[in-house]
Amino acid sequence: MSLKVYNSLTRQKEEFKPINPPYVGMYVCGPTVSGESHLGHARPFITFDVLYRYLMHLGYKVRYVRNITDAGHFEEEGREAEDKISNKAVLEKLEPMELVQKYTNLYHWAMSQFNNLPPSIEPTATGHIVEQIEMIKKIIADGYAYEANGSVYFDVEKYNTDFSAKGQPYGILSGRVLEEQIESTRELDNQEEKRNKSDFALWKKAPAEHIMRWQSPWGEGFPGWHIECSAMSTKYLGEEFDIHGGGMDLQFPHHECEIAQSTVCNHKMPARYWLHNNMITINGKKMGKSYGNQIMLSQMFSGNHPLLDQPYAPSTIRFFILQSQYRSTLDFSNDALQGSEKALRRLMEAFEWLQQQDHIGSTGQVDPALDEKVKKLVTEFDVFMNDDLNTAKVIANMFELVPIINSIKDKHIPAGALHTDTVSLLKKQLSVYILNIFALQSSKTDNNNKLEGVLELLINIRKEAKSRKDFLTSDKIRNELSALGVQLKDEKDGGTNYTIQ
RNA sequence: AGUCGCGUGGCCGAGUGGCAAGGCAGAGGUCUGCAAAACCUUUAACGACGGUUCGAAUCCGUCCGUGACGUCCA
């Protein structure tokens with residue numbers, strides 16, 4: 001039994017075989033830190049976190065590289081070479097690096113809220129300008145890029161002609177045919193710098209007002225959109241590595257261009273397996289800046305957004321995402337999130353109860369049918385994960401186990417109905433999957449605002465008791481809260497404050 | 001216009017030829033001082049029309065609807 005993943009490159013599920021077992025190199029396109037991440041961004045990071053964890057569970061030694069794009073991509077190639085980051089920085093009157101730091105911190109915070117493991121290496125684009133310049137020089141030397149007016153462009157047509165002969169045309173990943181694209185690429189200003197419309201920038205000359213700029217053989221400028229990922233993946237994972245991941249919207253042009261750049265430099269297809277997660281939609285539409293339908297992660301967590309009925313805990317969102325297969329679109333709705341919230345709570349309560357039990361299971365009065373059923377459900381976890389990470393089916397099986405666990409708890413099923421070995425297996429598999437692979441947390445750990453409500457409730461009860469001169473009750477509340485480490489303080493204005501020690 | 005994809009019960013979603021997972025919501029019941037939770041039972045779906053097949057949600061065709069890419073995008 002082995003892991004199979006859907007490879008976008010071959011458009012089929014393939015058995016996963018690392019180039020150098022037990023080592024696995026995985027590169028995932030990270031965020032552009034010119035703004036806060038929204039719900040849609042959460043999906044690849046959670047999906048590939050689960051893949052990372054699962055690969056380690058299978059015994060692989062994984063180097064997981066996920067970049068931070070902190071050098072600006074220009075808004076629109078050829079139009080007005082604007083650096084996205086520096087542009088906004090001017091608006092906010094911040095240093096570009098201050099802005100980058102702010103959103104990087106916010107991103108890291110959200111990732112930890114989701115219980116995502118940090119990647120092994122998290123390189124920044126600005127930290128790898130030298131590598132990018134070296135790569136561009138190499139591409140020029142090989143004749144697949146040309147300089148024009150201080151900018152450098154990749155010669156897509158030449159690449160396509162030469163590499164089609166080698167079975168690797170431009171468009172191999174996305175299934176596009178270059179000739180058709182040339183027809184459909186729209187008119188842009190300043191196109192005359194390029195030999196062909198489909199050429200993309202490797203290096204862009206920086207206009208005078210551009211803040212982020214670096215010295216290069218072609219003058220002062222900044223790197224193009226695609227080159228950073230090629231430079232950093234090559235540097236840290238080698239010329240050929242195992243897995244390249246990202247959202248489906250990056251398949252073209254970003255990943256296509258990465259393939260072209262890296263192939264010219266290293267004479268190899270950079271990655272064996274290209275994995276793409278599908279989009280999170282909202283009313284059926286992709287969540288994105290241009291649609292104006294984004295919900296930022298901090299808004300998800302706080303509930304502070306017109307589309308949100310309530311706050312949603314990070315663990316709820318993580319669970320919601322894992323309830324679907326990563327290659328399907330996933331539609332956001334309050335009803336769906338609320339369903340996930342309740343479901344997760346039910347799952348975690350059953351799981352946590354089970355882990356505390358030491359005396360269930362027997363070797364005698366086992367119910368063979370039930371015992372077999374539990375073993376089957378639990379063993380299938382691995383089968384489903386190996387089938388292109390079908391987390392949805394694993395979770396479905398978990399929910400077939402929940403009523404069994406709860407029935408044992410409520411004594412509708414005798415504690416000895418399962419063999420002790422089955423109970424151990426059940427505990428172990430649930431623990432491995434829930435805690436280690438899916439990394440779910442019970443939402444009470446991140447529901448402090450609800451506990452605040454509980455405290456307010458106690459404070460009010462105490463206030464009412466005091467007004468009745470029922471000091472027995474009021475003191476009981478105060479003393480017992482105090483013993484728990486919550487100090488109530490009566491203010492002069494009649495209100496009550498508290499501190500948690 | 002093109003390329004790729006999708007259309008499953010009230011909502012979210014599994015499912016690539018063999019009686020349609022799971023969650024949430026709904027209904028009835030058990031338990032409970034009352035509630036909540038839990039448990040049991042249960043209602044309900046494959047966009048349309050053709051075709052291939054003993055058999056199709058699943059394969060093919062046409063149509064309708066819808067999305068992604070194409071332009072910054074997870």
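Atoms considered below: every heavy atom in the structure, side chains included; atoms not considered: hydrogens, waters and symmetry mates. Per chain, numbering begins at 1; letters A, B, ... match sequence-line order.
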On a whole-Å scale, what distance lies between the C1' atoms belonging to B/C54 and B/U41? 36 Å
P spacing across the pair B/C72 / B/C19, given as an integer number of angstrom: 48 Å
Integer-rounded Å distance: [N] [atom2] and [X] [atom1]:
X	N	atom1	atom2	answer
A/Lys286	B/C6	NZ	C1'	16 Å
A/Lys342	B/G23	NZ	P	14 Å
A/Leu330	B/C6	CG	C1'	14 Å
A/Phe252	B/C72	CZ	C1'	14 Å
A/Phe320	B/G22	CZ	C1'	15 Å
A/Asp49	B/A74	CG	C1'	15 Å
A/Gln338	B/C12	CD	P	13 Å
A/Asn278	B/G13	CG	P	11 Å

Donor-acceptor pair between A/Gln101 and A/Asn105 side chains, under 3.5 angstrom: yes
Donor-acceptor contact below 3.5 Å, side chain A/Asn115 vs main chain A/Ala439: yes
Answer with base, sugar-phosphate or nothing: what part of the nucleic acid does A/Phe384 contact at a heavy-atom distance below 4.0 Å? nothing
Which part of the nucleic acid, if any, lies within reach of A/Lys285 when heavy atoms closer than 4.0 Å are counted: base, sugar-phosphate only, or nothing? sugar-phosphate
Position toward the 5' end of RNA chain B (nearest nucleotide), A/Ser333 or A/Ala42: A/Ser333
How are the rings of A/Tyr27 and A/His244 set to each other: parallel, tilted or perpendicular (split at 30° and 60°)? tilted
